[in-house]
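Notes for the one structure printed next.
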Amino acid sequence: MSTDTTTQPAAERAGAEGGQGTPPFRYGAALAGDIERKWQDRWETEGTFHAPNPSGPWAEPDQVSGEKVYLLDMFPYPSGAGLHVGHPLGFIGTDVLGRYLRMTGHNVLHAMGFDAFGLPAEQYAVQTGTHPRTTTEANIERYKAQLRQLGLGHDQRRSVATTDVDFYRWTQWIFLQIYNAWYDEDAQKARPISELEAEFAQGGRSTPDGRDWSELTGAEQREIIDSYRLAYISEAPVNWCPGLGTVLANEEVTADGRSERGNFPVFRRNLKQWMMRITAYADRLVSDLDRLDWPESVKAMQRNWIGRSQGARVQFPVVGVDPAAPSIEVFTTRPDTLFGATYMVLAPEHPLVDEIAPAEWPAGTAESDVDGRWTGGAATPAEAIAAYRAAAARKSELDRQENKDKTGVFTGAYATNPVNGQAIPVFVADYVLMGYGTGAIMAVPGQDQRDWDFATAFGLPIVRTVQPSEGFESAGGEAFTGEGPAINSANDEISLNGMGVAEAKAAITDWLVAKGAGSAQTQYKLRDWLFSRQRYWGEPFPVAWDADGRPVALPESELPVELPEIDDYSPKTYDPDAADTEPEPPLSRAQEWLDVELDLGNGLQRYRRETNTMPQWAGSCWYYLRYLDPQNSDRFVDAEVERYWLGKDTTRAADDPGGVDLYVGGVEHAVLHLLYARFWHKVLFDLGHVSSEEPFRRLFNQGYIQAYAYTDARGTYVPAEEVVEELVDGEPRFTWNGQPVNREYGKMGKSLRNVVTPDEISERYGADTFRLYEMSTGPMEVSRPWSTRDVVGSQRFLQRVWRNLVDEQTGESRVSDAEPDTDTLRLLHRTIAGVHADYTALHYNTAAAKLIELNNHLTKVYGPGSQTGVPRSVAEPLVLMLAPLTPHIAEELWSVLGHDTSLAHGPFPVADEQYLVADTVEYPIQVNGKVRSRITVPADADLEAVKAAALGEEKIVAMMDGREPRKVIVVPNRLVNIVI
RNA sequence: GCCCCCGUAGCCCAAUCGGCAGAGGCAGGCCCCUUAAAAGGGUCACAGUGUGGGUUCGAGUCCCACCGGGGGCACCA
């Protein structure tokens, strides 16, 4: 390893240890380094962290014992920059828990792999011609070395990378499962596509045009079947990013319409792309959040993203055109306000716009058309619409975000409001989006602020159908969206007047259903997942296109479909603003690879391979399954192995969904990765490939290590390490080379010149010190600043522990067989009890504090200054309790204490109840809430006795001055409060 | 604009069911060890919990409003 400090000159090592006078066996960076490398080697040689599987290729059923625990860190991307001190925070946290659980008899699975496909390696390849695999594998090696030096207890056999052919073969296999499945709405689950074909063939399901299945041509049959698949080709509008040369998922586009990566403009284009039908699972993805032990914030983000809303679909017949023509269908969450619908709006791209627009402006348009607002000054509706569409298309997403002034144009058509028969004008406006609901709305300006704004701008009538609250209008209120009784809402058959919103919604929906004018409807914001990318460094699709231009899935026997070698790794990129360009993936240039001859059931035919690749999310959708059984060549994971590590556990909860026991990572994956992985997992569950319904039973968001960065007068970042802080008149001032600099707080990054690496901290203090420092600065969920100068505190503590147990001159144990005194035993057992609770709760900072407290006590009573060494019966538990946090020094001390096996599998001390209860208890005595005195009573004194003792106490008697207390509160073991 | 999280010594953080505001670390003062130094040992001080109300015998903890910081969503019908 490149960071081996033993290669330093001896003089330098001595210098690092503080000079000539330093005892030879003082615990410093050099000694720590030696100990750490020694134990890391030993753990690796002995396979200390190998977790046994119950079956599959690694079956060791006789080794499987204790309760199983599957701990998981979010899949890191092995970036070329390597780790900084912020990255391993979560990894160390899970390692501490894993080590604690392993010591307490659990079968702990903890592994680490790499999400290794992705843009940086490809971009580097484009620039330098180096194959992305070369770069990626070098980065992984560097990453593994950095992780190893931290002493993480991973089962190294289980490490996988998404770029391994052996791994992506199964990613392709899962794609085939998804492709060969459809969502059965009645059963609310995915089923094999063959069952759908059987239903059609047997007549159990009728074809779209009613013909018999056998009358359809093969092409027609395939078209129908393909339209049901969970992975399908779509020509719908997608996010095309010319600057990157690829299309992007909705989730990868920022709110202002730019690519999350690279910040290039993104355009909506109709392109043929692979989609995943995640919307089929929208309802389950929302509902099952209730069964997960996840942070509320992440659940809220997913609910928000899926955006389930209940409402109604309502038909508005268009006036005066062919009665057979379709009505305008709208989705509304407020059907109760139907009587207030005074106009309608279609999205500019809505297909009905051209159909309903009459050739001429209808009579009366001129009167409404003040300043040409309605017609845009155009001679005919068609011209007005064309001009408006052109103007809308020119507007970027950003313009639309920033400029919320309502624009639109009258289509010349009217539609009939089904509740009151009124003809209301139909507009085209870009504040209605084609992608949500039906792309058309009924506008109720009285109860919707956007509609109010539009109505005001276009001189449209406003009818209130909910009585606003008192003073709402006089205070300048416009649209009233609150709760109130319905008004102005009655026809000959139904009256909503007086009803509350919920009651009115139910009543009008029933009426609409009865009239055939509408139905209750649940709508989602979630869209299907765009699954293809025009990149080289990703998983190839296991798909080929036939001569008719239809995609055909390859059989499993054709897997893996390996990436071909090519010369140019770049997709064709364009000027970032060149919207009218076409994606051209790099694989389309791999001529020999492209054309294949296959027999897919119709004899040997020529096919052309799919040239898109999968998005980076694909591998991270299922890597946690592969850790379970990484060597299995027959299945992506052995069924029994999956059930053992991830299966449902009804002893936890009746509706336990199963999944990873603890998944730790940053909150930045709240929607993307976590939603996609849940979707894949549910498909695999429906198809019977896994027994668990959710991938991650419990999720924990760790905080971030943040850092200060400093800029000089020109705004340039200066090296944070060289900045000097001083107090001037009590105010902190920061200078660099004598010039004042400005401090900011945030991320750690190369460009901010404030990166600190675990390598340099490990070298200066040792990995154990680094681990302890990171764990003791706060609880796992809290973000905190990095402070290099504070690290020394953690090292001092380890040094003191070492010095208490080891003679710094000889390196021999200075532990004695003396019996510890009672105070020491009490503190020891209190510490044991506390540490158990703290580790379980991931409160490593307080666990560390308790161990420091115990060691401080030992220093005082049995430290190097005293004649007696530390009693073995205290020294051993201290070492064992320290082991999860600082495993190397603990192993070394354990062996100095005479044990020749690793402590990784325990024992772990258990608190003795008899030392947890004290003989006497001191009670503060409050009078009216203020502490006035104290008493000490036997611990087993009952409440009456405590009360009597408190009232009899000298100072209290004096204060009472003969009065009777109004009330005496005795809180057992806490305090007494006398109210007078 | 809407939703979520967080405000405790100079700094990072503790405080069980509402029960004496301090466990631990950094920085600081003093003392010891040392020819000297410190990444050695010891010891000390420092806040009344962002602000204002309320509930309670008792509030850092519960409720309401506001202020400050962070995050998410945002023309989603």
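In this text the structure is predicted, and so the values were computed from the model without any measurement. Chain A is the first sequence line, chain B the second, and so forth, proteins listed ahead of strands; every chain is numbered from 1.
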Interatomic distance at [atom1], [N] relative to [M], whole Å:
{"N": "C11(B)", "M": "G48(B)", "atom1": "P", "result": "12 Å"}
{"N": "U49(B)", "M": "G60(B)", "atom1": "P", "result": "7 Å"}
{"N": "A9(B)", "M": "C2(B)", "atom1": "P", "result": "30 Å"}

May I ask you to verify if any side-chain N or O of [X] is less than 4.0 angstrom from the OP1 or OP2 atom of [N]?
{"X": "Thr846(A)", "N": "A15(B)", "value": "no"}
{"X": "Arg796(A)", "N": "G40(B)", "value": "yes"}
{"X": "Arg974(A)", "N": "C17(B)", "value": "no"}
{"X": "Arg800(A)", "N": "G41(B)", "value": "yes"}
{"X": "Asn977(A)", "N": "G19(B)", "value": "no"}

Original post:
For Leu772(A) and Ser776(A), which heavy atoms make the closest approach, and how far apart are they?
Top reply: O-OG, 2.6 Å

Original post:
Between Gly793(A) and Ala300(A), who's closer to the 5' end of RNA chain B by nearest nucleotide?
Top reply: Ala300(A)

Mind calculating the distance between [atom1] ([X]) and [atom2] ([N]) to the nearest angstrom?
{"X": "Ile705(A)", "N": "C11(B)", "atom1": "CD1", "atom2": "C1'", "result": "15 Å"}
{"X": "Trp305(A)", "N": "G71(B)", "atom1": "CH2", "atom2": "C1'", "result": "16 Å"}
{"X": "Lys406(A)", "N": "C75(B)", "atom1": "NZ", "atom2": "P", "result": "10 Å"}
{"X": "Lys860(A)", "N": "C32(B)", "atom1": "NZ", "atom2": "P", "result": "20 Å"}
{"X": "Lys299(A)", "N": "G71(B)", "atom1": "NZ", "atom2": "C1'", "result": "19 Å"}

Original post:
Checking all strands, does Val782(A) fall into the base, sugar-phosphate, or nothing category for heavy-atom contacts under 4.0 angstrom?
Top reply: sugar-phosphate

Original post:
Is the cationic atom of Lys406(A) (NZ for Lys, CZ for Arg) positioned less than 6.0 Å from the six-membered ring centroid of Phe454(A) and within 45 degrees of its normal?
Top reply: no

Subject >> Donor-acceptor side-chain pairing of Gln447(A) and Thr481(A) below 3.5 angstrom >> reply: no

